[in-house]
Number of protein chains: 2
Amino acid sequence: MFTLSEENYLKTIYHLELDADKGISTNAIAKKLETKASSVTDMIKKLSDKEVVVYKKYKGVTLTELGKKTAANIVRKHRLWEVFLVEKLNFSWDEVHDVAEQLEHIKSPKLIDQIDAFLGFPTHDPHGDPIPDKDGNLKTIEKSLLSTLLKNESGICVGVNDSSSEFLKFLDKKGITLGKQLTVLEKEDFDGSLSILIDGEKLSISNKIANNLYIQK
Amino acid sequence: MFTLSEENYLKTIYHLELDADKGISTNAIAKKLETKASSVTDMIKKLSDKEVVVYKKYKGVTLTELGKKTAANIVRKHRLWEVFLVEKLNFSWDEVHDVAEQLEHIKSPKLIDQIDAFLGFPTHDPHGDPIPDKDGNLKTIEKSLLSTLLKNESGICVGVNDSSSEFLKFLDKKGITLGKQLTVLEKEDFDGSLSILIDGEKLSISNKIANNLYIQK
DNA sequence: ATATATTTTTAGACAAGACTAAAAATTATT
DNA sequence: AATAATTTTTAGTCTTGTCTAAAAATATAT
């Protein structure tokens with residue numbers, strides 16, 4: 001069994017490993033968890049003793065198979081709770097993160113199985129992120145950043161790269177939600193801004209926005 | 001805001017105060033929380049600093065209004081989650097306690113309001129215990145222990161005094177659930193055992209059982 | 001009312017998890 | 001390759017919540 005703190009470290013390392021492909025540095029972990037590198041070193045030793053990470057001094061850290069499975073299970077719980085909050089309890093997609101951050105640590109296999117079934121075995125959370133299955137596997141769908149689309153290309157909005165409340169509220173205001181079809185009308189080279197067609201309306205999109213929105217072509 | 005440990009102390013003192021009407025002793029708290037009296041003394045000082053309890057050395061402890069409200073809110077969450085687990089997620093009444101014990105500490109006013117509404121504003125949990133309202137008030141219903149019924153008296157099963165998994169499973173096995181009507185056929189003076197009629201069947205009930213089952217006449 | 005038993009508090013210690021400051025190792029620079 | 005800059009680890013401290021053992025207060029019994 002893992003403590004709250006250990007679970008948060010595992011989850012952070014898991015997320016960092018997904019786009020890293022090498023040992024995760026103590027500094028990177030410290031930054032994500034808003035703590036100090038020295039605290040990370042301490043915790044990594046504990047996790048290493050528990051055989052969920054492999055740790056070589058000064059060489060960063062990687063999850064073991066057990067560590068990956070444990071972390072994926074926490075992410076699974078987080079995302080299933082997010083679906084529950086949005087689908088059943090009228091939360092909007094910008095309100096769920098902090099609550100799910102608490103709920104992901106509830107320990108009850110039956111609870112999460114039942115939530116899964118109650119929701120009809122969803123495969124993605126309200127932000128388009130895949131929900132790991134019981135074995136920790138997740139099937140990623142083919143998706144591209146809106147910023148990589150070319151002029152006249154179309155696609156469906158399937159996810160966000162930034163789940164901050166501010167960004168999500170901004171998307172709401174602009175009428176951009178998951179499932180919406182959009183087409184790139186214009187693409188400005190000098191600032192990377194776009195003009196897109198969505199719901200028959202023309203919309204100006206900054207490069208920052210286009211870099212945080214996933215599209216399925 | 002209160003820590004997990006502080007919340008558990010508050011909840012325990014709240015439950016002890018309900019059938020006590022005087023200062024709660026450190027020993028009583030220690031017993032319930034399976035900890036040591038010295039640890040209780042330490043924690044009580046912290047709770048006193050936070051103005052949720054009134055503490056006089058050697059004189060026991062009482063909740064302040066703020067303390068009562070805080071504790072009642074934790075109990076409210078616990079019981080609402082229990083209803084949720086039973087009504088929506090197919091848990092049986094003997095499986096919910098440990099999970100609710102974790103869920104009661106989730107901090108999100110919106111979450112618990114939405115759960116409340118989602119469940120149709122229930123007034124009692126799966127064991128017949130009243131759910132405090134948002135202000136911490138609970139309306140207790142008129143109920144008597146089965147052991148206090150006289151021969152030929154009837155009533156409806158409305159609650160249990162012991163929520164242990166063992167007792168609840170025993171009741172399930174005997175077909176005794178909340179809402180069931182029963183009648184006392186015989187009452188043995190020498191051991192307090194009863195013969196009752198339930199669902200048209202005659203059932204022998206020990207004194208221990210009769211002392212843990214609440215009936216509304 | 002005094003002695004005895006019980007309860008409660010204090011004092012000191014420990015583990016978990018975090019921090020700061022300093023030392024050690026690694027990486028980058030010239 | 002030697003020095004400088006950066007990263008990581010170590011050493012020592014702090015807080016929270018717990019514990020044991022001893023002291024102090026209260027309750028009980030003769």
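Worth saying up front: this structure is predicted, and the values here are computed from it rather than measured. Every chain is numbered from 1 and lettered A, B, ... according to where its sequence line falls, protein lines coming before strand lines.
Taking atom CD1 on Ile29(A) and atom P on dG17(C), their separation rounds to 15 Å, with Å as the unit. Rounded to an integer number of Å, the gap from Met1(A) CE to dA16(C) P is 17 Å. Atom CG in Leu33(B) sits about 12 Å away from atom C1' in dG17(D), given to the nearest Å. Atom P of nucleotide dT10(C) and atom CE of Met43(B) are separated by 16 Å, given to the nearest angstrom. Here dA16(C) presents its P atom at 13 Å from CG of Leu47(A), a figure rounded to the nearest Å. Between Leu4(B) atom CG and dG17(C) atom P there is a gap of 14 Å when expressed in whole angstrom units.
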Item checked: Working for salt bridge (Lys or Arg N to Asp or Glu O under 4.0 Å), residues Asp133(B) and Lys139(B) -> CA-CA 9 Å; Asp133(B) 67 20; Lys139(B) 50 168 173 287; over 6 Å; no
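Using cut-offs of 30° and 60° for the angle between ring planes, the Trp81(A) and Phe84(A) rings count as perpendicular.
Using a 4.0 Å heavy-atom cutoff across all strands shown, Ser5(A) reaches sugar-phosphate atoms only and no base atom.
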Next item on the list: Sugar-phosphate atoms are those with a prime plus P, OP1 and OP2; base atoms are the rest. Using that split, label each nucleotide of nucleotides 4-16 of chain D B, S or - for protein heavy atoms under 4.0 Å, 5' to 3'.
Entry: ---SBBB------
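Look at Lys11(B) and Glu104(B) and you find a salt bridge, because one of the NZ, NE, NH1 or NH2 atoms lies within 4.0 Å of a carboxylate O, short of that distance. Salt bridge status for Lys151(B) with Glu186(B): present, with a side-chain N to carboxylate O gap under 4.0 Å.
A cation-pi arrangement is present between Lys88(A) and Phe118(A), with the terminal nitrogen or guanidinium carbon under 6.0 Å from the aromatic centre and inside a 45° cone about the axis.
Remark: Asp21(A) CG is loosely packed, at most 12 non-hydrogen atoms of other residues, nucleotides or ligands lying under 6.0 Å away. More than 12 heavy atoms of other shown residues, nucleotides or ligands fall within 6.0 angstrom of atom NZ in Lys110(B).
Nearest approach of Leu63(A) to Ala71(A), heavy atoms of both residues: CD1-CB, 4.4 Å.
Interface residues of residues 11-22 of chain A facing DNA chain C, ordered by number: none; criterion, heavy-atom separation under 4.0 Å.
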